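Both ligands and their constituent atoms are indexed starting at 1 by order of listing. The model shown is predicted, which means the values in this text are computed figures rather than measured ones.
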Amino acid sequence: MIDNQHILEICSYAKLIPVLVIDEVSSAVPLAQALMRGGLNVLEVTLRTANALQAIHEISQLDDVVVGAGTILKPEDIEFVKQAGAVFGVTPGTTSALLDSAIEQQFSLIPGVATVSEAMKVNERGYSFMKFFPAESAGGVNALTSFAGPLPGIRFCPTGGITIDNAPSYFELDNVICVGGSWVAPKKLVNCGHWDRIETLARQAKNAFEKHG
Ligand code: 3PG
């Protein structure tokens, strides 16, 4: 049985899940703290760097943070991210092997889909909350509006090309409960340790999205 509700509640409260690319382990904690000071405490660390697992581990030791792993591509990644301390995972697309692994390990997953057929296949496996990726290039708000008719029970976290400016139009949709994006933690600012600027970006997003129920 897939526990969609738990992860759905966490994400629905968070509204924005920052998508993080962390090169240096030493950036992990100050980055997470900056985002948390700005009001964001559900974080996705992508498996796109050699240090991602260590970064997840360090962030998972902080209080009041919910850390997940993104860019999960291989079934065996799930075991590694779980061991590192990730409490949820996000995939850009979905394979049966990934779903098998997540289900077997009872790991909360937000599977990535870009089309109605993909969403139907993932839904057949018990998932009703999915990442819509790459949101802007896969049809954006118009696509999700069209998904709502035939797929009334499915909720999405659109990611890919989302910004503070276009996010509000996604929040108008009943099938969107949060968005994901890297704009609050641009790689340049992370690598230069501009934590105050990241905190400001996080706060701006938090304030802008708070009003969306
Ligand atoms: C992701 O992996 O979810 C995306 O790369 C994030 O997309 P963005 O960089 O356009 O926000």
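For the pair Lys15 and Tyr170, the cation does not sit on the ring face, since its NZ or CZ is not both under 6.0 Å from the ring centre and inside 45° of the axis.
With Arg203 contributing its side chain and Arg37 its backbone, the two residues share a donor-acceptor pair below 3.5 Å.
Listed by chain and number, Val19, Arg48, Lys131, Phe133, Thr159, Gly160, Gly161, Gly181, Ser182 each place a non-hydrogen atom less than 4.0 angstrom from ligand 1.
Residues satisfying the side-chain contact (heavy atoms from CB on, under 4.5 Å) criterion with Leu151, sequence neighbours excluded, are Val116, Ala119, Met120, Phe147, Ile154.
The 12-atom threshold is not exceeded at NZ of Lys121, counting heavy atoms of other residues, nucleotides or ligands nearer than 6.0 Å.
Tested against Leu20 for a side-chain contact (heavy atoms from CB on, under 4.5 Å), the candidates Thr46, Ile56, Val45, Thr49 yield a single pass: Val45.
Below 30°, between 30° and 60°, or above 60°: for Phe209 and Phe171 the angle between ring planes is between 30° and 60°, a tilted geometry.
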